[in-house]
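Written out below as structure tokens is the structure these notes cover.
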There are 2 protein chains.
Amino acid sequence: MKDSKVAEPKRLEDEGVTPSASQPGKRERTKQANREAILLAAAKVFAELGYGATTVRDIIRQTDLAAGTFYNYFKSKEEVFEALSDQSALRVRPRLRDERVKAQNFEGFIIGSFRTFFEYAESDRDYFNVMRRNTGALRVRMDTPEIVAGFDELEQDIRDGIAQGLLPDVDPSYLTGAMIGVAFEVCDRMLQREPIDVDNAAKFASDLFLGGLRSMTGKS
Amino acid sequence: MKDSKVAEPKRLEDEGVTPSASQPGKRERTKQANREAILLAAAKVFAELGYGATTVRDIIRQTDLAAGTFYNYFKSKEEVFEALSDQSALRVRPRLRDERVKAQNFEGFIIGSFRTFFEYAESDRDYFNVMRRNTGALRVRMDTPEIVAGFDELEQDIRDGIAQGLLPDVDPSYLTGAMIGVAFEVCDRMLQREPIDVDNAAKFASDLFLGGLRSMTGKS
DNA sequence: CTGAATTGTTGACGGGGCGTCAACTTTGGT
DNA sequence: ACCAAAGTTGACGCCCCGTCAACAATTCAG
């Protein structure tokens with residue numbers, strides 16, 4: 001059936017145009033692209049239909065992939081949502097870490113942390129809204145690795161701060177919880193306002209915490 | 001047809017043994033019983049399998065009812081969970097309200113609210129644990145009527161407190177969020193400890209808030 | 001008490017999403 | 001050019017869901 005003629009010119013590979021970008025093989029590149037296509041589609045569909053109403057097929061339909069392919073990348077729609085959470089946490093964590101490293105005292109620590117978190121939430125509003133509408137405001141997925149890691153990191157920094165005398169000697173675990181709780185709940189309300197006033201929210205959270213911590217200084 | 005004889009002794013109804021309890025007809029009583037049987041079974045199964053893994057049939061299997069009957073009482077397993085949340089909120093709300101009404105100043109308000117909430121959480125630990133373990137998937141459902149009402153009530157009380165000068169003049173919505181966030185997150189950590197120390201957790205949350213609010217007094 | 005109407009229960013059934021898998025296609029190495 | 005390895009495909013079987021027509025229990029009227 002096949003024409004044995006070899007005259008057919010090797011057609012240039014469509015994707016070979018950017019030589020410097022071709023470091024990884026084509027295999028690896030498609031994998032990357034597919035994964036990102038699924039994540040993108042998922043973010044879109046979650047926002048449209050809500051997490052609960054979305055099916056895996058709804059997501060895959062937004063891509064040019066087949067149903068089965070989805071499962072080469074994620075075990076379930078829940079895992080896609082976790083991956084989106086991971087992405088988000090992955091973006092905000094370095095910023096938070098920088099702020100904390102910069103802090104020379106507990107005021108800077110508190111102010112920097114809240115401000116950075118609120119600023120990020122405002123910039124990644126789409127994701128936060130999906131999260132809010134579909135997970136409720138309280139608590140994020142505790143089985144999302146990057147988020148858990150972020151919480152642990154915060155707690156460790158708080159322990160260090162206490163050890164170094166930057167923070168008053170209070171229960172580190174409770175203090176971490178309190179910061180997280182205030183951050184998420186105030187953030188939630190901030191995002192529902194028009195216009196969104198990051199300054200105001202950050203100031204409120206910082207003032208509350210700074211006053212509270214100051215009053216706790218010296219207590220065991 | 002009708003026998004005119006009146007001599008036949010009215011036989012006691014089987015269920016008529018407790019005359020005072022027979023007010024509602026049998027129909028109404030079975031309905032109540034079925035509903036409670038389902039709620040009880042659901043609480044048990046959720047605790048055993050986790051919310052996500054539980055199916056409606058798992059729940060109904062723990063009762064002597066048929067599958068279809070479930071849907072005479074609840075639309076879905078989600079609605080059963082909401083009903084459990086409602087039950088819980090229904091129990092704690094009056095206690096919180098009492099505490100708040102009793103409060104003569106903002107210190108009493110804060111201390112009473114946190115203490116009562118933590119005490120309740122410890123007493124209803126089974127439900128809170130189910131909620132915690134599945135908060136990823138559900139979180140505290142923001143569409144659970146009793147919970148929403150409880151949040152609204154807290155916010156209204158905070159507004160009143162501010163109007164009366166019992167609380168400093170800060171953003172009431174943010175303050176409500178901060179209290180809720182701290183309450184849930186600190187509660188979460190409290191329940192994971194052994195032994196559970198309600199005093200400690202309540203003291204931490206109260207101190208933090210009291211110090212914070214005191215420092216905010218006089219600020220706009 | 002008796003029959004009819006009303007209300008509640010039952011479990012089988014159709015519908016649909018899920019995750020798998022054998023056949024197929026594409027890639028990369030020789 | 002050929003082959004092994006890796007990835008893709010979509011049809012399939014499974015299970016859960018929510019409904020519904022048939023059935024049972026309760027209530028009501030006479």
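Heavy atoms only: backbone and side chains are in, while hydrogens, waters and symmetry mates are out. This one's a predicted model, so the numbers in the text were calculated from it and none came from an experiment. Naming: A, B, ... by sequence-line order, numbering from 1 per chain.
Separating the CZ atom of A:R61 from the C1' atom of D:dG10 is a distance of 14 Å, rounded to the nearest angstrom. B:N72 has its CG atom 14 Å from the C1' atom of D:dA24, to the nearest Å. For the pair B:E28 CD and C:dT9 P, the computed distance is 11 Å after rounding to whole Å. Between the CG atom of A:L65 and the P atom of D:dG10 there is a distance of 10 Å, rounded to whole Å. The distance between atom NZ of B:K26 and atom C1' of C:dT7, rounded to the nearest whole Å, is 14 Å. The interatomic distance linking A:I60 (CD1) with D:dT9 (C1') rounds to 11 Å, in whole Å. Atom P of nucleotide C:dG8 and atom OH of B:Y73 are separated by 7 Å, given to the nearest angstrom. Rounded to an integer number of Å, the gap from CG of B:D64 to C1' of C:dG8 is 14 Å.
The residues A:R159 and A:E155 are annotated as salt-bridged, a charged nitrogen and a carboxylate oxygen being separated by less than 4.0 angstrom.
An OP1 or OP2 oxygen of C:dG8 is reached within less than 4.0 angstrom by a side-chain nitrogen or oxygen of B:K31. A sub-4.0 Å separation between OP1 or OP2 of C:dG8 and a side-chain N or O of B:N34 is absent.
Ring geometry, B:F46 versus B:Y51: the interplanar angle falls from 30° to 60°, so the pair is classed tilted.
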Next item on the list: Summarise protein proximity over nucleotides 16-24 of chain C in one line of letters, 5' to 3': B for base, S for sugar-phosphate only, - for none, counting protein heavy atoms closer than 4.0 Å.
Entry: -SBBB----
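For A:R27, whose side chain is taken as the heavy atoms from C-beta onward, the closest listed nucleotide among D:dT27, D:dT9, C:dT27 is C:dT27.
In this model, a donor atom of one side chain and an acceptor atom of the other lie less than 3.5 Å apart for A:Y127 and A:S85. The closest side-chain donor-acceptor pair between A:Q156 and A:D152, if any, does not fall under 3.5 angstrom. Counting only N and O atoms by type, the side chains of B:T55 and B:D58 include a donor and acceptor under 3.5 Å apart.
Between B:F204 and B:F114, the ring center distance fails the sub-6.0 Å criterion.
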Distance-only check: which donor-acceptor pairs under 3.5 Å involve side-chain atoms of residues 172-179 of chain B, not counting sequence neighbours?
from, atom 1, to, atom 2, distance (Å)
B:S173, OG, A:R193, NH2, 3.3
B:T176, OG1, B:P172, O, 2.7

